[in-house]
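Residue numbers start at 1 and run along the sequence shown.
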Amino acid sequence: MTEENLTNMEITILEIISQHRDIHFLNILAQIQQMFAMTSQSFDKNLFKKSLTKLEKEEYIKRLISDPETFGLTQKGGDILE
């Protein structure tokens, strides 16, 4: 999969996770909701969840063993953002 195959939502999630060593699901959600509010766009929570699941399935992000609600960026995810 290349960057062209990722949606704007997926790229945004990767960028948010890349700014932190590890970030909790709720913090990712809050940042994205805030971005949508600032631009007066409607937020689609189902699209957010679908995007997060796809990124995890494609191994761009991973859940921490110590806290399954916290995500970290994988090398593959980092390579997309370079």
Side-chain angles (χ1 to χ4, degrees):
M1 178 176 282
T2 63
E3 184 176 352
E4 299 89 47
N5 295 344
L6 297 177
T7 65
N8 287 339
M9 176 71 78
E10 292 160 356
I11 294 292
T12 301
I13 291 170
L14 285 177
E15 289 174 347
I16 289 170
I17 293 172
S18 75
Q19 295 171 8
H20 307 272
R21 180 174 168 192
D22 302 315
I23 185 167
H24 193 276
F25 164 81
L26 293 176
N27 292 334
I28 301 168
L29 177 62
Q31 286 187 35
I32 290 183
Q33 285 176 321
Q34 183 178 22
M35 290 171 52
F36 274 78
M38 290 174 60
T39 59
S40 300
Q41 296 177 355
S42 61
F43 174 71
D44 184 346
K45 192 170 183 178
N46 288 328
L47 175 61
F48 168 75
K49 288 180 179 180
K50 180 180 173 184
S51 297
L52 196 63
T53 300
K54 178 181 173 186
L55 290 170
E56 184 178 17
K57 181 179 177 186
E58 297 293 329
E59 298 180 350
Y60 290 103
I61 60 174
K62 63 178 171 151
R63 291 178 189 262
L64 298 186
I65 294 170
S66 60
D67 181 1
E69 293 298 314
T70 300
F71 292 89
L73 193 66
T74 65
Q75 181 65 44
K76 184 177 177 181
D79 290 346
I80 285 290
L81 298 175
E82 290 182 352

Check the pair Met9 / Ile32 against side-chain contact (heavy atoms from CB on, under 4.5 Å), numbers first and verdict last. CA-CA 9 Å; Met9 176 71 78; Ile32 290 183; 3.8 Å; yes

Which heavy atom in Leu6 sits nearest to a heavy atom in Tyr60, and how many Å separate them? CD2-CE1, 4.3 Å

How long is the span from the OG atom in Ser18 to the CD1 atom in Ile61, to the nearest 0.5 Å? 11.5 Å

Heavy-atom closest contact (Asp22 atom, Gly72 atom, distance): OD1-CA, 4.1 Å

When rounded to the nearest 0.5 Å, the distance separating CD of Glu10 from CG of Leu52 is 10.0 Å

Ignoring hydrogens and geometry beyond distance, is a side-chain donor-acceptor pair present between Asp79 and Gln75 at under 3.5 Å? yes

May I have all residue pairs that pass ring-ring contact (aromatic ring centres under 6.0 Å, His included) and include part of residues 6-33, sequence neighbours excluded? Phe25-Phe48

Counting only heavy atoms not in Glu15, do more than 12 sit closer than 6.0 Å to its CD atom? yes

Got a sec, which residues hit salt bridge (charged side-chain N to carboxylate O under 4.0 Å, His left out) with Glu59, two or more places apart in sequence or on another chain? none

Greater than 12 external heavy atoms within 6.0 Å of Leu26's CG: yes

Taking side chain to side chain donor-acceptor pair (under 3.5 Å) as the definition, give me every residue that meets it alongside Thr70, ordered by chain and number, with sequence neighbours left out. Asp67

I'd like to check Ile17 versus Leu55 (side-chain heavy atoms, cut-off strictly below 4.5 Å). Are they in contact? no

So how far is it from Lys45 NZ to Lys49 NZ, rounded to the nearest 0.5 Å? 4.5 Å

Within-4.5 Å side-chain heavy-atom neighbours: Ile16 and Phe71: no

Is there a path of hydrophobic side-chain contacts, each under 4.5 Å between heavy atoms of I/L/V/M/F/W/Y residues, joining Leu64 to Ile13? no

For a side-chain contact (heavy atoms from CB on, under 4.5 Å) check, start with the C-alpha distance between Leu29 and Phe43, then their side-chain angles and the critical distance, and finish with the verdict. CA-CA 10 Å; Leu29 177 62; Phe43 174 71; 3.5 Å; yes

Identify the heavy atoms of Arg63 and Pro68 that sit nearest to each other, and give their distance. NH1-O, 2.6 Å

